[in-house]
Amino acid sequence: MATFQSLPGFRDFYPDDLARRNHIFRLWRRTATTFGFAEYDAPVLEPLDLYKAKSGEEIEAQLFSFTDKGGREVALRPEMTPTVCRLVGAKANALKRPIKWFSIGEFYRYERMQKGRGRAFFQFNADVFGEPGIEAETELIGLLVQCLCAFGLTEEDYFVRLSDRNLWFYYLGALGLDDARIRAVLGAVDRYEKYGDDAFKGYAEQFGTIDPALKERVLAFLQIRSLAALEAVVAPLQDGRMSARLAEWRKLLGNLTAMGLERFISVDLGVVRGLAYYTGFVFEAFDRKGELRAIAGGGRYDDLVGKLSGTQLPAVGFAIGDMTFALLLEQRGLTPPLVTAADVFCVIGGEGERPAALGAIQSLRAAGFRVEYPFKELAFGKQFKAASEAGAKLAIIFGGDELARGVVKIRDMSDRSEREVAQAEVVDAVRDALGG
RNA sequence: GCGGCCAUAGCUCAGUUGGUUAGAGCACUUGAUUGUGAUUCAAGGGGUCGCGGGUUCGAAUCCCGUUGGCCGCCCCA
């Protein structure tokens with residue numbers, strides 16, 4: 001007999017696991033709703049070209065892709081952004097602005113597993129479409145922070161690094177670099193934290209060893225960690241585009257400060273978020289201890305909706321992955337205790353009393369109470385123990401003596417007090433006792 | 001795709017230089033208890049020792065392969 005197990009990188013969710021996952025989703029969903037974001041969903045399977053169009057041919061190696069029975073090249077979605085761009089682009093003219101949407105879904109990437117990374121994982125995605133100004137960034141960074149704080153995480157636990165790809169382009173352009181060189185330098189910036197000077201190897205292979213003076217200025221720029229430091233570097237250049245950009249920075253940081261979020265935000269030009277389609281501000285959330293991979297990441301992508309749907313629409317978005325996030329909660333002891341307590345446990349004297357109990361159980365459940373009872377005949381002692389283990393607040397005793405008088409006993413499990421109630425009034429009595 | 005470490009009950013693990021029927025704790029089921037929740041005690045179920053092959057009189061133990069897991073590299077939308 002062959003035995004089966006889940007595919008590598010895929011997880012089973014037993015009830016305890018699913019309870020934890022649902023708790024996370026519940027708080028994300030509630031938080032997004034309070035920010036006025038509307039939830040959407042879309043197919044898990046998409047045309048392969050949707051991802052090739054966004055990320056190039058190489059992406060296919062990272063996808064669960066195949067040819068379906070109709071000969072279509074398809075792929076399980078590795079991320080939500082192309083899909084949501086398709087949705088929004090198709091109805092852009094009919095949607096009220098700003099468009100604020102979120103989703104929680106499962107994604108699939110054909111990759112090697114690692115801590116905080118599997119082949120199937122969930123992401124919370126939130127995007128704002130149709131808003132070219134920093135109001136969109138304000139809204140999303142505010143949402144990101146609240147999506148983490150809702151679980152009890154504080155500025156001691158994580159922070160959000162805020163950077164700006166536009167500023168990098170303007171700065172490197174002002175230093176005389178062409179577009180290809182700028183991208184190579186940004187690649188080095190992205191890797192600098194991990195590899196130090198070796199990060200510039202890629203640049204050297206393409207364009208020769210980087211000019212030491214240029215490298216100095218790049219390193220100085222990527223080490224900027226405050227608005228004041230940024231202003232000190234940018235102001236002397238007297239570059240119109242950079243000055244305008246700096247004004248945007250002041251507005252955005254002003255907004256975030258007004259929201260009381262400055263303690264979570266760290267100006268950090270060392271973040272550029274890979275190659276990608278980002279066109280302005282980018283941000284990533286990390287644990288303060290620096291032990292985990294990024295918890296969340298996002299930024300502005302003003303060209304992507306147009307590229308994928310033909311309708312130009314500015315956009316900002318971010319995603320939180322469930323795996324690293326769950327690790328962080330666990331590390332900080334913020335995994336919630338599982339609360340699966342019953343409201344009522346019915347103690348049944350014997351098979352003769354069972355019909356009366358079943359009738360009451362059905363009525364109580366119909367009234368919305370969570371009711372448990374033993375399937376098989378059990379001694380009273382066992383039943384009270386079971387009631388206690390079920391976390392029941394009340395026990396209702398269907399005993400022969402009581403039923404003969406048309407009553408049942410309701411026992412408060414916390415103080416062990418008991419009182420008798422007419423059988424016909426059980427639902428009202430429970431509602432009264434539980435305040436429901 | 002590459003490298004390192006690991007794999008014994010549902011979970012955490014023990015298992016002698018290779019030696020007879022593979023163990024413990026926790027968890028689970030049942031009983032002590034025929035109308036009241038604790039503690040305790042007793043019993044029970046559950047393993048082809050990840051899988052396949054090899055060496056050997058004999059393998060959980062040694063060797064090879066394979067699958068899966070953890071960690072790192074590449075990548076990270």
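As a basis for the values below, the full set of heavy atoms in this structure was taken, side chains included, without hydrogen atoms, waters or symmetry mates. Protein chains get the first letters and strands the later ones, always in sequence-line order, with residue 1 at the start of each. This one's a predicted model, so the numbers in the text were calculated from it and none came from an experiment.
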Do [X] and [N] share a donor-acceptor pair, side chain to base, under 3.5 Å?
| X | N | value |
| --- | --- | --- |
| A/Arg416 | B/rU36 | no |
| A/Gln383 | B/rU36 | no |
| A/Arg117 | B/rC76 | yes |
| A/Lys382 | B/rU36 | no |

Distance, P atom - from B/rC75 to B/rG52, rounded to whole angstrom: 39 Å

When rounded to the nearest 0.5 angstrom, what distance separates CD in A/Glu291 from CD in A/Gln331? 5.0 Å

Distances under 3.5 Å only, N/O to N/O: pair up the protein atoms with those of nucleotides 41-46 of chain B.
none

What is the nucleic acid contact for [X], judged by heavy atoms within less than 4.0 Å: base, sugar-phosphate only, or nothing?
| X | result |
| --- | --- |
| A/Lys409 | base |
| A/Glu284 | nothing |
| A/Gly399 | base |

Could you state the atom-to-atom distance from CD of A/Glu60 to P of B/rA77 in whole Å? 19 Å

Distance check needed: B/rG35 P versus A/Ile348 CD1, whole Å only. 15 Å

Once each nucleotide of nucleotides 65-72 of chain B is scored for protein heavy atoms under 4.0 Å, what B/S/- sequence comes out, 5' to 3'? --SSSSS-

A/Arg191 side chain N/O closer than 4.0 Å to the phosphate oxygens (OP1, OP2) of B/rC73? no

Taking any strand in view, what nucleotide pairs with B/rG37 in a Watson-Crick or G-U wobble way, both distances under 3.5 Å? none

Using Watson-Crick or G-U wobble geometry with both distances below 3.5 Å, tell me the partner of B/rG58, or none. none

